[in-house]
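Taking it in order: structure first as structure tokens, then the write-up.
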Protein chains: 2
Amino acid sequence: MTDQQKSVMQDRGTVRAVERALDVLLCFRAKDELGLTEISKMIGLHKSTVHRLLATLETRGFVRREQSDRYRIGWSILELTSGIYRSGDFSTVVFPEMTALRDRIGETVSLYVRSGFERIRIQAVEGIHAVRRVANIGMRFPLHIGASGKVLLAFCNEPLLDRMESAGALPNNFNKAEFERQLEDIRKRGYAVTFEEREAGAAAVAAPIMNRQNQVSAALSVSGPVDRFSEANLERFIVACVDSANLIGKVFPF
Amino acid sequence: MTDQQKSVMQDRGTVRAVERALDVLLCFRAKDELGLTEISKMIGLHKSTVHRLLATLETRGFVRREQSDRYRIGWSILELTSGIYRSGDFSTVVFPEMTALRDRIGETVSLYVRSGFERIRIQAVEGIHAVRRVANIGMRFPLHIGASGKVLLAFCNEPLLDRMESAGALPNNFNKAEFERQLEDIRKRGYAVTFEEREAGAAAVAAPIMNRQNQVSAALSVSGPVDRFSEANLERFIVACVDSANLIGKVFPF
DNA sequence: TTCGGTTGTTTCACACCATAAAACGCTGGT
DNA sequence: ACCAGCGTTTTATGGTGTGAAACAACCGAA
């Protein structure tokens, strides 16, 4: 163990073994079936260490093994998610309003929150045109790409963009001045619109959900294929999305 | 630390600190907002220990704090769930078939797997009569109560009931001989029917989903108010449920 | 205001336990 | 038969997780 590692791990007030175990769990974001050696390479730990961590995770149901040598996320994770939306009355207010918005405009409605320098899609209601059900709830995306990311950045009180820059969370050729102008525009309008930014062929409208302290707590977005985001539709989408976001922000105690 | 504790923790091949951290996480099954001292009382650890564990969990996004002193489950949990159904093609086979079954009969369709001495509802499609959306996916129930629990027990190759008995997972006044007869009956019929067993006013039909090794891998259930489980309907429910379970078992590589 | 009783937070010395290397069995491919 | 890769087990070492105690900040009661 190097001196650098030593000095880093000194006095952080955290438990190293636990951090490593959680890192093992987070490996399953990338792939939903992993072998022991595979994991040990991903996080740079010794096989035996990972083995013990996995055994520990298994006793509590956080990982499971299907046949013999392949590990998967365990069912305990599900138990914890069932309570995640219970904050206040997520299921009686937010989800119904998202569904109503989807029914009004027909496109996919998503809800994002910020976590660190990323955003997480914490809930989604599929558009009526959706051919396949993509269950990518929980997925992370960068903050600086996509309508809802920009909304979360634009209405954030702290100088988040600066912190991202100094943390190296932005690409090298990132035009910060231009981006700041975009954010200013979003703040003025009260919503964001993007075309084929995060995904080719896709467009999105996003509006901020503000809490009572007038801080942005989430972003509500409407997204779908660009060809359905015509001039006429776009106006409808914007109005509907902003309205729903305002309504949720008024009612929901984020 | 007592000698008893020492001897217990010897040679388990697991990491104590990690087990404790996971126990902290599992506290959020009972309540979705907890204070530090509250947790420390629940699992019998010192405040400072829990504090360090929570700080560690927070760095990886497994818990979050809303205002200052209240802890909640973090968003990282959501990231892990998104991949949980990806085993094989859960979303393209199992979920559509469950939805189709619901559309055929109108009642709530649930999917359970066994985890230890309990069953977990890993997916559900609400019946058309459902007034409120109950998002209790991930919820645990005993194996010996309810139609799907009995199915999981009946078609389990190992002597699970014996192990439950010796582990004290059964109530004191449990009539094991009678229960064994019920299981034998379920094995003969190929499905289970219960009336007001787990919940007052509710009835359920459940059928096993068998994998290629002819082991039960899950239980599919149809449930609703008893008054809709009349003689005539019941027959339809049973046939439809068994059919869907067979279909899923054939296609899905559990 | 001044208490007492809560919180959550920080510090610190000591014993303990997590660690990684190495050796082990096992399986599958060549 | 061989090798390469896997997961598992064992072991000595010293790093590190631990809980008591002291601390700070809050709240309601007297």
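In what follows, every chain begins at residue 1, and chains take the letters A, B, ... in the order their sequences are listed.
A:Y71 places its OH atom 7 Å from the P atom of D:dG7, with the value rounded to the nearest Å. For A:L53 and D:dG7, the CG to P distance is 14 Å, given to the nearest whole Å. Following rounding to the nearest Å, B:L54 (CG) and D:dG19 (P) show an atom-to-atom distance of 14 Å. When rounded to the nearest whole Å, the span between CD1 of A:I43 and C1' of C:dA20 equals 14 Å. With rounding to whole Å, A:L34 atom CG is found 15 Å from D:dC6 atom C1'. Rounded to whole angstrom, the span from the CG atom of A:L45 across to the C1' atom of D:dG15 amounts to 15 Å. For the pair A:L36 CG and D:dC6 C1', the computed distance is 9 Å after rounding to whole Å. Rounding to whole angstrom units, CD1 of residue B:I39 and C1' of C:dT7 are separated by 13 Å.
Counting only heavy atoms from C-beta outward, the side chains of A:V216 and A:I209 never approach each other to under 4.5 Å.
Shortest non-hydrogen contact noted between A:A206 and A:V151 is O-CG2, 3.5 Å. In terms of heavy-atom proximity, B:V242 sits nearest to B:G190 at CG2-O, 4.4 Å.
Taking the charged nitrogens against the carboxylate oxygens, A:E58 and A:R65 do have a contact shorter than 4.0 Å, which makes a salt bridge. Between B:K47 and B:E38 no salt bridge is recorded (no basic side-chain N to carboxylate O distance below 4.0 Å).
Between the side chains of B:T56 and A:E19, no donor-acceptor pair is found at a separation under 3.5 Å.
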Under 3.5 Å, N/O pairs linking protein and nucleotides 21-29 of chain C:
from, atom 1, to, atom 2, distance (Å)
C:dA21, OP2, A:H46, NE2, 3.2
C:dA21, N7, A:H46, NE2, 3.4
C:dA21, N6, A:S48, OG, 3.4

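Applying the side chain to side chain contact (heavy atoms under 4.5 Å, CB included) criterion to B:R29, with sequence neighbours excluded, gives A:E79, A:L80, B:L26, B:R140. For B:A154, the side chain to side chain contact (heavy atoms under 4.5 Å, CB included) partners two or more places apart in sequence, or in a different chain, are B:L183, B:I186, B:R187. Among residues two or more places apart in sequence or in another chain, the side chain to side chain contact (heavy atoms under 4.5 Å, CB included) test is passed with A:R198 by A:Y112, A:R119, A:F141, A:I145. In this view, B:F179 and B:F174 satisfy the ring-ring contact (aromatic ring centres under 6.0 Å, His included) rule, not counting sequence neighbours.
Distance from the side chain of A:H51 is smallest for D:dG7 among the nucleotides D:dG17, D:dT18, D:dG7. The side chain of B:T49 has D:dG19 as its nearest neighbour among D:dT18, D:dG19, C:dT10.
Proximity of B:R16 to the phosphate of C:dA15: no side-chain N or O atom is located under 4.0 Å from OP1 or OP2. B:K41 has a side-chain polar atom (N or O) that falls below the 4.0 Å cut-off from OP1 or OP2 of C:dT7. Remark: B:R20 is in phosphate contact with D:dT18, judged by side-chain N or O atoms under 4.0 Å from OP1 or OP2.
Comparing the helix axis at one end of the helix from C:dG8-D:dC23 to C:dG28-D:dC3 with that at the other, each defined from 5 consecutive pairs, gives an inter-axis angle of 50° (nearest 10°).
Residue contacts shown for A:T37 are limited to sugar-phosphate atoms, with no base heavy atom under 4.0 Å away.
Residues A:E38 and A:V18 each lie close to DNA chain D; by heavy-atom proximity, the contact nearer the 5' end of the strand is made by A:E38.
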